[in-house]
Protein chains: 2
Amino acid sequence: MKISTKGRYGLRILLDLALYAKEEPRLMKDIASSQEISEKYISRLILKLNQTGLVDSFRGAKGGFMLAKPPKEISLLEIVEAMEGNIALVDCVFDKDFCPKSENCSACKVWASLNKKIRKQMKEISLKDLLKSEKNKINRL
Amino acid sequence: MKISTKGRYGLRILLDLALYAKEEPRLMKDIASSQEISEKYISRLILKLNQTGLVDSFRGAKGGFMLAKPPKEISLLEIVEAMEGNIALVDCVFDKDFCPKSENCSACKVWASLNKKIRKQMKEISLKDLLKSEKNKINRL
DNA sequence: TTTTTATACTACCATTTCAGTCAGGATTGA
DNA sequence: TCAATCCTGACTGAAATGGTAGTATAAAAA
């Protein structure tokens, strides 16, 4: 029951973009050095964010990345699911064929209900909430 | 972000005990055949449940396992943490030294807050809630 | 006290998942 | 053109996960 580094890094990448890619696209290498993640690995991670429509990418000179929508419209749920796929505490939550008795299984029902609650809470947290806390940090300096 | 089979099987073992070990201890092999888990593997899993005080074990003839406390006092959180260790979505939640800047990291704060909410919800679900749904199942037959 | 019935525990193995790298390809602006 | 920049599939080493084998230990029954 862990968030993988993919999920964690995904969040940090988006936070970085929210802070530094307001006027023009931000370079991969700038994200990489600022977040202390290798450029190679960032390129893999940001690909997913691009494919799921959370960031826009621009190639060639003056290229880079920007958020595809405003921070308040990007939820923690979207971010983690972009990076790790659907959140499914147990496989029978999304794949009904996974266990034959799932229709009638008390355990499955509990997991499904918990899964739903977790997703709901992750949906209620947006990138903007993190930005607030970043700004407080800067003000304190 | 998955519940491992350890966690899932742990729940099923406890549910099995709640249903069938009311008067006298239930044998490992009976749990195994009823839950369709190998006896060997069950023995590993139930060991943890015993060590964390969720079940009592009795050796020798007439031995077996029983719940160590009533179902309503056993939460999903206890079960999963018994089987998988503390729930920590990210390592810095429990290990403050894990990331040097954790004191001042917006991302860490978000994960910690989410972690807290998830644990709270898991604490609010008890084995008794599952039993209700099991009984409904039996009544419907 | 011996035998039988059970659980307790440690070491080990196979498979899958995860984190991260490499090398080169594709696209765009100047 | 060509330099800047992102795109992508194949690959690798390490760690976690799922599961098995075998022996030790305890309790009850004979």
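Residue numbering restarts at 1 for every chain, and letters A, B, ... go by the order of the sequence lines.
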> Using a heavy-atom cut-off of 4.0 Å to chain A, what are the terminal contacting nucleotides of DNA chain D, in 5' to 3' order?
Replying inline: dA4(D) to dA10(D)

> Are S4(A) and dT17(C) close enough that a side-chain N or O sits under 4.0 Å from OP1 or OP2?
Replying inline: no

>> Nearest whole Å is fine: how far is dA19(C) C1' from R8(A) CZ?
In response: 11 Å

> Residues in side-chain hydrogen bond (donor to acceptor under 3.5 Å, both in side chains) with K116(A), at least two apart?
Replying inline: none

>> Under 4.0 Å, counting only non-hydrogen atoms across every strand here, what does L27(A) touch: a base, just sugar-phosphate, or nothing?
In response: sugar-phosphate

>> In whole Å, I'd like the distance from the CZ atom of F58(B) to the P atom of dT7(C).
In response: 12 Å

>> Tell me whether K29(A) at atom NZ has more than 12 heavy atoms from other residues, nucleotides or ligands lying less than 6.0 Å away.
In response: no

> Within this structure, what is the OH-to-C1' distance between Y41(A) and dC18(C), rounded to whole angstrom?
Replying inline: 7 Å

>> Looking at E124(A) and Q121(A), would you say the former's side chain and the latter's main chain have a donor-acceptor pair under 3.5 Å?
In response: no

> Counting only N and O atoms by type, is there a donor-acceptor contact under 3.5 Å from the side chain of D16(B) to the main-chain atoms of I31(B)?
Replying inline: no

> How would you list, by chain and number, every residue that makes a side-chain hydrogen bond (donor to acceptor under 3.5 Å, both in side chains) with S106(A), sequence neighbours excluded?
Replying inline: S133(B), E134(B)

> Around atom CD of E24(B), are there more than 12 heavy atoms of other residues, nucleotides or ligands at under 6.0 Å?
Replying inline: no

>> Could you tell me how far apart E84(A) (CD) and dC18(C) (C1') are, to the nearest whole angstrom?
In response: 11 Å

All N/O contacts under 3.5 Å from nucleotides 10-16 of chain C to the protein, with atom names and distances to one decimal?
from	atom 1	to	atom 2	distance (Å)
dA11(C)	N6	R44(B)	NH1	3.4

> Starting at CG of L45(A) and ending at P of dA19(C), how long is that distance when rounded to a whole Å?
Replying inline: 10 Å

Atom pairs, protein N/O to nucleotides 26-30 of chain C N/O, distance under 3.5 Å:
from	atom 1	to	atom 2	distance (Å)
dT27(C)	O4'	R59(A)	NE	3.3
dT27(C)	O4'	R59(A)	NH2	3.0

> Taking it one step at a time, do K2(A) and D91(B) satisfy salt bridge (Lys or Arg N to Asp or Glu O under 4.0 Å)?
Replying inline: CA-CA 8 Å; K2(A) 287 252 185 278; D91(B) 286 318; 3.6 Å; yes

> According to the salt bridge (Lys or Arg N to Asp or Glu O under 4.0 Å) rule, which pairs have a member within residues 56-66 of chain B, sequence neighbours left out?
Replying inline: none

> Within the structure shown, what part of the strands sits under 4.0 Å from E39(A) by heavy-atom distance: base, sugar-phosphate, or nothing?
Replying inline: nothing

> Does the pair E84(A)/K48(A) count as a salt bridge with the N-to-O cut at 4.0 Å?
Replying inline: no

> Roughly how many Å is it from CE in M1(A) to P in dT17(C), rounded to a whole number?
Replying inline: 19 Å

> Does the distance from a Lys or Arg side-chain N to an Asp or Glu carboxylate O, for E81(B) and K123(B), drop under 4.0 Å?
Replying inline: no

> What is the distance from NZ of K40(A) to C1' of dA23(C), rounded to the nearest Å?
Replying inline: 7 Å

> Is the closest side-chain heavy-atom distance between V90(B) and R8(A) below 4.5 Å?
Replying inline: yes

>> By nearest heavy atom, map K29(B) and Q51(B) onto DNA chain C; which one lands nearer the 5' end?
In response: K29(B)

> Rounding to a whole Å, what distance do you find between I46(B):CD1 and dC9(C):C1'?
Replying inline: 15 Å

> About how many Å separate CG of L130(A) and SG of C105(B), when rounded to the nearest 0.5 Å?
Replying inline: 8.5 Å

> Does S57(B) or S38(A) map to a spot on DNA chain C nearer the 5' end, using the closest nucleotide for each?
Replying inline: S57(B)

> Where the side chain of N50(B) is defined as all heavy atoms beyond and including C-beta, which of dA8(C), dA23(C), dG20(C) is the nearest nucleotide?
Replying inline: dA8(C)

